[in-house]
Amino acid sequence: MSWIATHFNYVVVVILMMAGLFIVFSSGNLIKRMIGLALFQSSTALFYISFGKVSGGTAAITLDAQGAEGQALAAQLDPAYVAQFGVEGVVYSNPLPHVLILTAIVVGVATLAVGLAIAVRVRESYGTVESDEIDAVSRVAAEQAEPAP
Amino acid sequence: MTVERLADWLANTNPGFFILFAALFVPFARSNIVRALLLVGGPAVALVALINADGLSLNLSTLKILGYELVLYRPDSLSFVFGLAFIIASALVGIYSLHRRDAMQDSTAMLYAGAAVSAVFVGDLISLFIMWELTAIASVFQVLAPRSQDSVRAAMRYLVFQISSGLLVLAGVCMFVSATGQTQFALIAPSMAGLPVGVMDIAAPGAVLILAGFGIKAAFPMVHNWLQDAYPKTTETGAVVLSAFTTKLAVYALARYFAGLEWLIWIGAIMTVFPVFFAVIENDLRKVLAYSLNNQVGFMVCAVGIGTQLAVNGAAAHAFAHIMYKALLFMSMGAVLYRTGTTKATDLGGLHRTMPWTTLFCLVGAASISALPFFSGFVAKSMVMSASYADPALFVVWIMLLFASAGVLEHSGIKIPYFAFFGHDSGKRPQEAPFNMLMAMGLAAALCILIGVSPGWLYRFLPYEQVAREYLASDLWTAPHVLQQLQLLVFAMLAFMLLQWRKLYPAEAPGLILDVEWLWRRGWPMLTSALSAPMRQLGRWAGGQAGLINGMVGGLARQAFAPNGWASAKVPFSVTAVCSLAILGLVLAIALFR
Amino acid sequence: MQLEALYVAQPALTAQAPILAIAVPLIGACAAALAPSGRAGWMISVVAAMVSAWMALAVAGEVMREGVILYQLGGFAPPAGIALRVDAMGALIALLIGAVGTLAAVFSGHSLAAEVRPEKHTLFQAGFLLAQAGMVGLVYTGDAFNAFVFLEVSSIGTYALVAAGERRDRRALPAAFNYLIMGTIGATFYVIGVGFLYGATGTLNMADMAARLGTLDQNAAVQAGFAFIVAGLGVKAAMFPLHGWLPGAYAHGPSLISLFLAATATKAAIYLMARFLFEVFPDGAAFGDMFLQWVLAPLGAAAVIVCSLQAVFARELRRMIAFSSVAQVGFIFLGFSLANASGLSAALFYMTAHGLMKAAMFMALGGLAISIGARRLEDFAGVAREAPWTAVAFGIGAASLVGTPLTMGFLAKWQIMEAALAGGRIWIFAVMAAGSVLTLVYVGRIIEVMFFREPAPGAPRAKESPVGVLVPLLILAGLSLWFGIDASLPQQLAQAGAASLFEVRP
Amino acid sequence: MNGGELLILLALTLPLFAAAMIYAVGRMPDVRETLTLVACIGLAIVAISIFVRVGQGDPPALTVAEPLPGLAIAFRVEPLGALFAVMASVLWGVNSLFSIGYMRGRREARQTRFYICFALAMFGVMGIAFAANLFTLFLFYEALTFVTYPLVTHAGTPAARRAGRVYLVTLVGASVLLFLPGIIGVQSMAGSTTFTPGGLLNGRVDAAAGSVLLLLLVFGAAKAALMPLHGWLPSAMVAPAPVSALLHAVAVVKAGVFAVLKVSAYIFGPDLISTLPAATWILWMAAGSIVIASLVALTKDDLKTRLAWSTVSQLAYVTSAAMLPMASGLVAGGLHMVFHAVAKITLFMCAGAIYVATGANRVSEIGGLGRRMPWVFVAFLAASFAIVGLPPMAAMWSKFLLITASFGSGEWFTAAALIASSLLSLVFLMPVAFRALFSPAGDGAGGEFVRPGGTPVTSLVALCVTAAACVVLFVAVEPLADYLAPIAAVSFMETAP
């Protein structure tokens, strides 16, 4: 139990990821697939964010420890801690994952947009967004193009 | 070129080559005179060259080829007598065939003769093989010459036998050469007491194969049928040509390499005996002659096998005499064939009325083959008989030879002239043979008589001249000897007359007699027809293995991988996606649990 | 040809070449999107691609002179800053991308008119330049996460480009959609993997990552990261059972995209995989070796055999060649799986060879598609008579594909096979040989139809490709031939690249 | 560039140049064919000059390019190659003479392509003949396959296309699947593929690796049509007769056995061969090939197919020769390669001559034809004798040497197969000429020729020349054997008795 408690963020990530992938694989509807994909990508985002968080850490803002802002920060912290490590030794949450995942989200949104756009075109062209029906149409077209050997 | 150099050149060139050379021009000879000049001139030059060889000096004319020394000319007393016989026969054949123009027959006959003469004079195994095969190739055209379906088939059978013989010799030679590196007979077969006849070690690698090759050409029992099969199918000249060279060349080769080999005694003895029965019942007179040829060669093989000096002399002498009288007999039958179109005993008879000369010559031949004293057969065969009689261990053989002698008289000495020229009158009244035929027959007959009357002429040339002289001086003309022969002849003649009178002699009856020939003529087609299905199957298999693989593999692959096949039908999207998870899991498993 | 002596740009320019090779197409993409007409878009595209290729060449020369080039974006040093890091392997692949991209851009002038709606031409060119920029960036970057970004930049471009093929063949749409889904899953796997590694090492710079992984004990995060990365890149690289998106995308997209993707997209992903396999995961990563031996090699072999067979029986010509591409990826993976410098060098050489020959083949088909809208193999009967140059160029590409001597493909196969033999992997050797024969079978079918069969009566007559197609086509074919006779340029780069990776892991 | 390099360059470029010129003047048949003949003569002169130079101990050499280190396109002429080049170039001339008659007589389509491909094929042959290493040999070997493919499918019929496919798949398949791996193996074992007198691999491989390489290289040279890779040869008989004559009697199949000989002499060397168990296996396969192909030939009624099977059998002679652990076997193989080529080209040209004159292509149709076409059938007869290996035909010598060498190395079964095959060849070849020349007039003999005037004179001259050559070479064998001796000289002294 304690493992789950300490790793609950990973559990959530995995559940989200599996749910997303399951939707992608099992659904025949293009839109639903895109939703699944989005879910899947979200899980990644969560994954990054969660390991970037350090408990007790603060936002990663570079500041002058001797200046006014530094003093203000030090005042908020546990004095014992400050005594041991100084203001410079303050624990930050790593900012990089957030930055990265921001980028990843942008990429994900772009992908989603392209995917949905294609789905729209599919709908215009085939009159459906169900992949079974699309496959059936394609197969008919293929067999017309290619007589049986 | 000075005269000496010409003479020197002549003396150092294998006489057979002159004949071969002349043969090359025969097909292009437009005028009869030129043709006659070539046909007779070739052998004539060869004869001059041979006589020029003078003193039988071992004058080696060699040619180095592929690392082996080919001895193209190595005359000695054994080859001399065979060579002489072949050259004379070649000239006779030339004369005999002058009456008609068939460039193919004439030229190949001459090639054949030339090859045979060359074969006798070459001094090593490789050259012998070459000439051996040349005789086979050149001779087959004689069988082809009638240009009928039948003759083409017979020619194929003939050629298969001849080439088999050559191939066996080749195999043997190759085996021997690869083991010893020797090809020259002078080194292979150490001469007996410094004399030309040698003995090759039968245990040497390849020797048995060589012997088998020689044996086929000599028409050993069970492989003799090419002879009876092919000879009667030839034209009137063809049989004459064939009878002269092939088997005698084999006898020469046997004498050269296997003199004194005991197997040959028994093979020869059997050879003399068994054709008698077939000859007696055979209807086609040329086939009768073919059987008798077989029987006569048996004497020679037997003599070679005995291998004493006397016996070898006998073999050589018999070969010489035999070439002449067998050619004579075939010539006479050829004349009959030429004039009547047949040599079947049933269709002939009473021809002596219009073909007196032919009859006469035939009788001379018959007398000779029957070994009537004062004919060539007697002076030759006596030596063989004496040689076999000389060894008590060979008594059975002697009896067999004696029986065969009587048989010869029966079928060749009496049956041939009797059924052809006398006997019942067929009513045929053909013209006498053409002059050139008569001339050839006359010359041959003259030779038969010359040898018979004056054997010394022949004996001079025999391999062991001294032994021959002694035999002539002390044994040949002794009364018991002559009387014994005469008794034999008389009793045989009596038997013939008795049987004829009691109508017990097998009457001339049309039909084909098959002995072991059955094997080749019936058995082979049966075998091939039985094998043809599997062979065709083999062909299909061997030819279609690409198709087979294509069919099987291609079919399977097509089922799997064609656009609608099970392995590549549109794979659902989810499968690919699940695969990605599977790979992920696999890699994870490897990473975690390696 | 001595690369070291190759000065194609001023030193000042050369110093900025890595970023220019990425930035120019990127800027070009924006410009093309705003271009007033398709024609203008095309010109922008050609110029941008050409500059990118030029810069790639300059980089290659610099790499051969200097070894690895480090380029710090904005002057921030890694690990805080983002760096471009180019070694010989990257230079080679970027050069391939640049060259093929340039020729493809030239080619697009004619092919787009036949295949893509006119109003989309400018956007199409923008997407194309985006894809090129993404790929070059992916190859040049030294940062694992940046690689993801570039990967997705190029991928998003290509998804749209594949979909643009719907004017001619509407099956392009579902194909593009599948491609998108699979591609995104792959990319996301990759990101997850990078996340694990980042968690374990605290850096995203590949060189640093490699250095720190070397000092770390193996832990579950590293192992999981490895698994996610190779699986994700496997999808992008069309590793055998994950290749489902590829045939459709190549077969139904516009010919420009087929040729560009076939030559470069999978190569870029394979490149990245190689980087991780041989550079990032260090010495102690025995699972890397096991992966090579038990996953990559068998899957490569399976790809060679199965997809070659599928190509043998395919009826649509482009589909056939697309299957062939999967099979060829299998060959490359077989080269990788040897896990030594000669194997990697051979595989890199093979990638270059394959890029050039596949580009030539797809381009030739594109040229023919302008006059005959043919898909089935039979429709190409006798085209050699009407369009001899195009057909010959196709033939050269095909010959190279089979591995005919005097073409680059031969040397490529030769090197992998020799490396396999030297490494004692007889079975890989045998699979290579068998795969070559299967290649021969399907290529033979095509050649026979194109060159030795009479066109069906009433079938549309092919026309010789226009000059704008023919020139790049012949250049591609000529390169396949030239490098078959004098392979020093790609050979030097491949060898240097492989050597530098294996220096990391002696 | 010295004279030797120039000669090699000439030998290679002349056919290419000729092909280009033929293409240029394709519309003018007379010019085109004159050009072909001129090129033939030129090439023959070049080849003979090279031949002479090699004989004088001044072998020309040339390195063209080196795509990868250790992998050079290079040429260096040795006696076997010089002989092969002379044989091919001279027979090309003869065959071109024949082709002119044949192609015009048959009014064949696509004649220009036909002549171009022939010239290109000679380019391939020259490259093969002069190759200095396995890689170069392979290069031209493949080129030969590809340029001859259009010739095989010349008729353009479905059957021809099928044959072409079998041709290509078998030949290229074998070389990709077997030959190329073999070359790569050699390269990785020895670090080079250069033909080295005495054997490149000699002393560098153990028996197992050597055996594998030997099997790969020998079977990979599928042009040698060793069973079971022989199927392409009979099926390629759909091609016109001149194609069968030059390619399937001379250039292509001889390229195969030439490769086998080169591999045996220069890659392995007799000493190594004698230690390899695979050599014995191949000898058994070859013996099987010899006999089975002869048996199959017996069952074929189509004349060219029968000849093709005979070729399969005869090629296995040469393969056997190459595999015998005996240096003299190599000389035998080299000689047989030439002698068989001359004889077989004659036979194929005869078959073509019969076909062009009468339209008959089956053995059963030619009874009695010899009366009207005596020259053709006499030539056929002579060549048949040569195939059987009878004197006075040159092939006798090679067969003799070969049988001697097989006995000498204890491989009695090879000798037995050779003997059996000779007899079988006799049985399936002789009846053809015999029936034509000596049968009474049959079906085929009556009526008019399909082509008025029968066989064209040029064709007739060509086949008579080669038939005569069969005999002439019989006498001239010694210089040829001397010429070839160096290839075997390395250990000839030890093995010769």
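Here the structure is a predicted model, which means the values were calculated and not measured. Proteins get letters first, then strands, A, B, ... in listed order; numbering begins at 1 in each.
Taking chain B as the reference chain and counting heavy-atom pairs below 4.5 Å, the highest number among Met430(D), Arg162(D), Arg435(D) is found for Met430(D). Of the listed residues Leu401(D), Leu423(D), Leu233(D), the one with more heavy-atom pairs under 4.5 angstrom with chain B than any other is Leu423(D). Among Leu167(B), Val152(B), Leu144(B), the residue with the largest count of heavy-atom pairs under 4.5 Å with chain D is Leu144(B).
Interface remark: Trp397(D) contributes backbone and side-chain atoms alike to the contact with chain B (heavy atom separation under 4.5 Å). Residue contact with chain B, scored on non-hydrogen atoms closer than 4.5 Å, involves the backbone and the side chain of Ile419(D) alike. With a 4.5 Å cut-off on non-hydrogen atoms, Met104(B) touches chain D through its side chain but not through its backbone. In this structure, chain B has a heavy atom under 4.5 Å from the backbone of Leu437(D), while its side chain stays farther away. Looking at Leu381(D), the atoms closer than 4.5 Å to chain B (heavy atoms on both sides) all sit in the side chain, from C-beta outward. Heavy-atom distances place no part of Leu168(B) under 4.5 Å from chain D, backbone and side chain included.
Note that CD1 of Ile137(B) is 6.5 Å distant from CE of Met393(D), once rounded to the nearest 0.5 Å.
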Inset, instruction - Evaluate the side-chain contact (heavy atoms from CB on, under 4.5 Å) criterion for residues Phe400(D) and Val173(B): first the C-alpha distance (whole Å), next the side-chain angles of each, then the deciding distance (0.1 Å), finally the verdict. - result: CA-CA 9 Å; Phe400(D) 170 78; Val173(B) 169; 4.1 Å; yes
Inset, instruction - Begin from the C-alpha positions of Phe438(D) and Phe141(B) and carry the test side-chain contact (heavy atoms from CB on, under 4.5 Å) through to its verdict. - result: CA-CA 9 Å; Phe438(D) 297 109; Phe141(B) 292 98; 3.7 Å; yes
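Contact record, Phe407(D) with Ser178(B): CB-OG, 3.3 Å, taken as the closest heavy-atom pair. Between Glu133(B) and Leu390(D) the shortest heavy-atom distance is OE2-CD2, 3.3 Å. Contact record, Leu134(B) with Pro391(D): CD2-O, 3.9 Å, taken as the closest heavy-atom pair.
The neighbour count for Phe413(D) CZ, taken as heavy atoms of other residues, nucleotides or ligands under 6.0 Å away, is above 12.
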